[in-house]
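One structure is given here, and the rest of the page talks about it.
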Amino acid sequence: MRIAVFPGSFDPVTIGHQDIIARTSKLFDRVYVSIVPNGTKTHPMFTDEQKLALMRASVEEFPNVEAELGGGLLTDYALRKNAQFLVRGVRNSVDFDAEQQLSLIYRDVSDGALETVLLIAEPKYQHISSTMVREMIKYGQDLEKYMPLRAAELVKGWREDHGEQ
Ligand code: ADP
């Protein structure tokens, strides 16, 4: 079994993340999307439970993908899942520089057990980030272009519950 973990903040999941998940699901037998809990992050928009609900709604269509809240050391989590691979998406050279360092750290900490696989972002999603989607949410913009449809519907429902438009 080839098992991969795709970790991230996912605050919230975007259509760019979902594209990486779709591509990853074809490469591996089993994929765990691991949501890093907010912890010390200063201004998260969504709670851990909301991020998980949005992610679960976004991976429903992929039978070999499961979303979970991570926590603790990523390498420990991945090894507990019997994963051999970590997956990350790369949009540009800034992402690449960060991921190159992280990949070396993960390999070192796991004594070579975890290999990082970097997938290059689709050009049409390269400019999409959670930061951008949070801005769209703040200013009441349509989200369907930026988030997986089911996740966009959930956010819309939560906004209406709060009496926002
Ligand atoms: P983190 O805080 O761990 O970087 P993010 O939720 O921002 O978490 O991103 C998770 C992963 O998805 C990272 O590897 C990031 O580079 C990648 N990613 C983010 N946006 C996109 C996108 N539009 N296309 C492809 N990959 C992306």
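Counting convention: from 1, in listed order, for ligands and their atoms alike.
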* Structure fact -> The atoms of ligand 1 lying under 4.0 Å from a heavy atom of Ile20, numbered in the order shown, are 25 (C), 26 (N)

* Asked: Closest non-hydrogen protein atom to atom 1 (P) of ligand 1, residue and atom name please, with distance?
  -> Ser9 OG, 3.5 Å

* To do: Would you mind checking which non-hydrogen protein atom is closest to atom 6 (O) of ligand 1, with the distance to 0.1 Å?
  => Phe10 N, 2.9 Å

* Asked: Do Asn64 and Phe28 come close enough that some side-chain heavy atom pair is under 4.5 Å?
  -> no

* Is there a side-chain contact between Leu119 and Leu27, using heavy atoms and a 4.5 Å cut-off? -> yes

* To do: With heavy atoms of Phe6 as the reference, note each atom of ligand 1 found under 4.0 Å away.
  => 11 (C), 12 (O)

* Which atoms of ligand 1 have any heavy atom of Gly8 under 4.0 Å away? -> 3 (O), 8 (O), 10 (C)

* To do: Flag Gly89 as yes when one of its N or O atoms lies below 3.5 Å from any N or O atom of ligand 1, and as no otherwise.
  => yes

* Which of the numbered atoms in ligand 1 are below 4.0 angstrom from a heavy atom of Ala121? -> 24 (N), 25 (C)

* Between Phe10 and Val33, does a side-chain contact (heavy atoms from CB on, under 4.5 Å) hold up when you go through it step by step? -> CA-CA 10 Å; Phe10 305 117; Val33 178; 3.7 Å; yes

* Asked: Is there a side-chain contact between Leu118 and Ile120, using heavy atoms and a 4.5 Å cut-off?
  -> no

* With only distance considered, is Thr14 within less than 3.5 Å of ligand 1 through an N or O on each side? -> no

* For atom 9 (O) of ligand 1, closest protein heavy-atom neighbour -> His17 NE2, 3.3 Å

* Structure fact -> Near Tyr125 (heavy-atom distance under 4.0 Å), the atoms of ligand 1 are 22 (C), 23 (N)

* Structure fact -> Checking heavy-atom distances from atom 3 (O) of ligand 1 to each of Arg91, Arg88, Met132, the winner is Arg88

* Could you tell me whether Lys156 and Glu153 have a side-chain N and a carboxylate O separated by less than 4.0 Å? => no

* **Proximity to ligand 1 by part of Gln126, non-hydrogen separation under 4.0 Å** => neither

* To do: Indicate yes or no: does an N/O atom of Pro7 lie under 3.5 Å from an N/O atom of ligand 1?
  => no

* **Check: Arg107 main-chain N/O paired with Glu115 side-chain donor or acceptor under 3.5 Å** => no

* Asked: Below 4.5 Å, heavy atoms only, C-beta onward: do Met45 and Ser130 meet side chain to side chain?
  -> no

* Is atom CZ of Arg2 surrounded by more than 12 heavy atoms (other residues, nucleotides or ligands) closer than 6.0 Å? -> no

* Asked: Closest approach of Pro7 and Arg88, non-hydrogen atoms and distance?
  -> O-NH1, 2.8 Å

